[in-house]
Amino acid sequence: MLFNSFGFIIFLIFIYALYWFILGKNLNAQNLLLLTGSYYFYSCWDWRFLFLLILSTVIDFSFGIFIYQSNKYKKLLLWLSILNNLGILVFFKYYNFFAIEAHSALSLIGIHFDAWLLKVILPIGISFYTFHGMSYVFDIYNKKVVPTRNFIQYAVFVCFFPLLVSGPIERATHLLPQVKEKRIFSYRQSIEGLRLILWGYFLKVVIADNLANLVNDIFKNYKMLPGSTLIVGIIYFSFQIYGDFCGYTNIAIGVAKLFGFELLSNFKYPYFSRNIGEFWRRWHISLSSWFRDYLYIPMGGSRVNKFKAIRNTFVIFVVSGFWHGASMNFVVWGAIHAVLFIPLLVVNRNKAYATDVVAAASSLPSIKETFQMILTFCLVTFAWIFFRSPNLPFAIDYIRHFSNGMKPLTTHRFGLFLIAFLLLVDWNQRRSERDVLNFSNKILRRSIYFLLTLSILFYSNANQVPFIYFQF
Amino acid sequence: MKIFLYKLFLFFSGILVAYIAIIALISHIFNTNYLYKIPPAKTTLVIGSSLTTVSINDSLLENVFNFSQFGDAFEFSYVKLRKMLAVNKNIHVVLMSCSNVEISKMNETERLQVWLTPKIKSYYFLLSPEEILYALTKKPEQIIGVLASIPKGQLPGCIDILKSKATLSDFELGQYEGLDSTIKIKIEMKKQDDLLKKYSQNPGDELNISERNIYFLHKIVSLCKSSNVQLILLRTPQHRLSARRNEQVYLNLLKQQFPDVPFQDYVDTYLPDSCFFDVVHLNRKGAAIFTDSIRNFLARNSYTK
């Protein structure tokens, strides 16, 4: 069941009505409804993997209690829990990759064997719910959170349907207390939620899906197209993936708001970043902060000597790339970002622009800021080539064809209009990623709601295009 | 919460009203009569599915206009005919493809599963509310998706119609389309074998006549009668390998339910393999020969005026 499907709208209305009108006074019943709804939502993809999700939830829930109660075997239990989560992830997501790579590596030194490959499909959302579970266990181990004894509450934290398949990756310290507390309907929160949903659908259905058609066409025919079109193609992809993933996140956060929950932010207008460091504080925030808190800092973070800090940074980016997919092009994508980030670390500029937003006090950026934003965007966009390509040789070949010559863009121009509109709206609301479409002029605001809704309807498709991050 | 729901209700009511108004406007533009006006010399209209789409090359016949289209169920042939007869008083004869393939339940089901969505997208403006409702009950999600996306897809067409620049052939509503390849006998034999194996497991399928197709065939007969137009049912040539699964049921049905409608059966007309695209479709070469047969038939029976 995709967010951009008619079935999801019906599902949402049904759950919402039951949640507030029938079960509004009973917290346990509301949680049970959310859990049942979430399991149903998940089983719409493949009911067989529901058992894996439940099993993973039960195991992490139990480990949480064991770690909390144990004095002697805390560390051992933590490692067992990590092994369990990573085991599930490796088995379903990375086994074939490792088998093929091992086969290739051993072939080079003359050892030949038949790689035994698994014919399994990747359970949707596995990278997200295993990370939920791990963060819970880590936080208990680090005494940041006390384990809940209520399985339903824990299961809602892991499986809450808006974030189940593509995040944001939540923390027990943030979401679990909300699951435990009684939710009260808030008009303001609901309106904010609807605005996020509206903007999210627009980003997905109008911006991302339309750009996807153009990007697919350019990537499919890249050998025959001029270099300028290939460059435009990858710029389009930058906005496609942003519209797709940020759109999904906005819908998820907006839907959660309708049920009285506040989820973590995942995007803060990343293409207005002034360097790579700022970009990573604004792009897929819940994943980068997860790696920062549970991998980078335990490795010593930046409070070690420069060499180790560089090593740690490199590891984080490569692992982050590998998290996206079991393929070398994702690893290279992560490594490119590491290479772009490390110079900032060396000159201690990695935390620049950590708190402020570009042109915070003015309506337009300065020349310096404009230059910084364009440069950062170009670097990020270059790295996206590796992310979008099906494999590494394809990415390299795509770049090689940049030399096909520069010609004025005569086809695929519709994307430029979409991007211009997106940038205009995003620039206007860059100071808050939560308060979207909240224009002070009432008539303008309502007209925009109206026009966006109509555009979403016009661009809706009988065959819904899945979200890119579902594959991760 | 009441205020929230009330505002939500008002907003979506507004959207719905605006949306219906936009669809109605586009539908109105697409129903512009000039678009469906065919040359006065064209007195014979061909309707039906791919069988006639690929078999009758109307550029070789000065009196015939081929308006059949790939995948048209009788329902869609009916709505197209309704419009064409209303606009073109010069039409005196309607040749309609009505084969054993087209009347079967299997064919109707296939159409609902594979063709319904694109067909609604192409013909929604010719459909009555009742016909749209029927489609909605069959595949609600897809049909809503199709209806929702209509303004986007049809806007360029609307502009062209308003500028009087558009022609019927711009909208893929129906025309002759020649096929180039020639039948691959081995592949077709395998296909036929598979088909027979499949249906031998479900012998009941042979007798499954689509009631909905027959219902619309009756409506086409009535429409032609009330418009004083001669309807002729037609079966195009089929290859010797073609497995005519419900042949007897089909022939009996035509005899019993449509005894007054002339039926031209060309199914056993001998044509060499080089004239076929597959077992039921002719290629360009076959179409040229068959078109000649149609010319002779129309001339022989003085249908051309």
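Below, chains carry the letters A, B, ... as their sequence lines are ordered, and counting in each starts from 1. All values below come from the heavy atoms of this structure, side chains included, with hydrogens, waters and symmetry mates left out.
Around the CZ atom of A:Phe21, the shell of radius 6.0 Å holds more than 12 heavy atoms that belong to other residues, nucleotides or ligands. Around atom NZ of B:Lys165, no more than 12 heavy atoms belonging to other residues, nucleotides or ligands sit under 6.0 Å away. Atom CZ of A:Arg445 sits in a crowded spot, with more than 12 heavy atoms from other residues, nucleotides or ligands closer than 6.0 Å. Within 6.0 Å of the CD1 atom in A:Ile443, the count of heavy atoms belonging to other residues, nucleotides or ligands does not exceed 12. Atom NZ of A:Lys220 sits in a sparse spot, with 12 or fewer heavy atoms from other residues, nucleotides or ligands closer than 6.0 Å. Within a 6.0 Å radius of NE2 in B:His218, more than 12 heavy atoms belonging to other residues, nucleotides or ligands are found.
Proximity to chain B involves both the backbone and the side chain of A:Ile191, based on heavy atoms less than 4.5 angstrom apart.
Under the 30°/60° scheme for interplanar angles, the aromatic rings of A:Tyr16 and B:Phe4 are found to be tilted. Aromatic ring pairs are classed by plane angle as parallel below 30°, tilted from 30° to 60° and perpendicular above 60°; the pair B:Tyr19 and A:Phe458 is tilted.
To the nearest 0.5 angstrom, A:Ser190 atom OG is 12.0 Å from B:Ile3 atom CD1. The OG atom of A:Ser186 sits 10.5 Å away from the CE atom of B:Met1 when rounded to the nearest 0.5 Å. With rounding to the nearest 0.5 angstrom, the CZ atom of A:Phe450 is 4.0 Å from the CD1 atom of B:Ile15.
Side-chain contact check for B:Lys2 and A:Tyr187: no donor-acceptor pair (N or O, by modelled atom type) lies under 3.5 Å.
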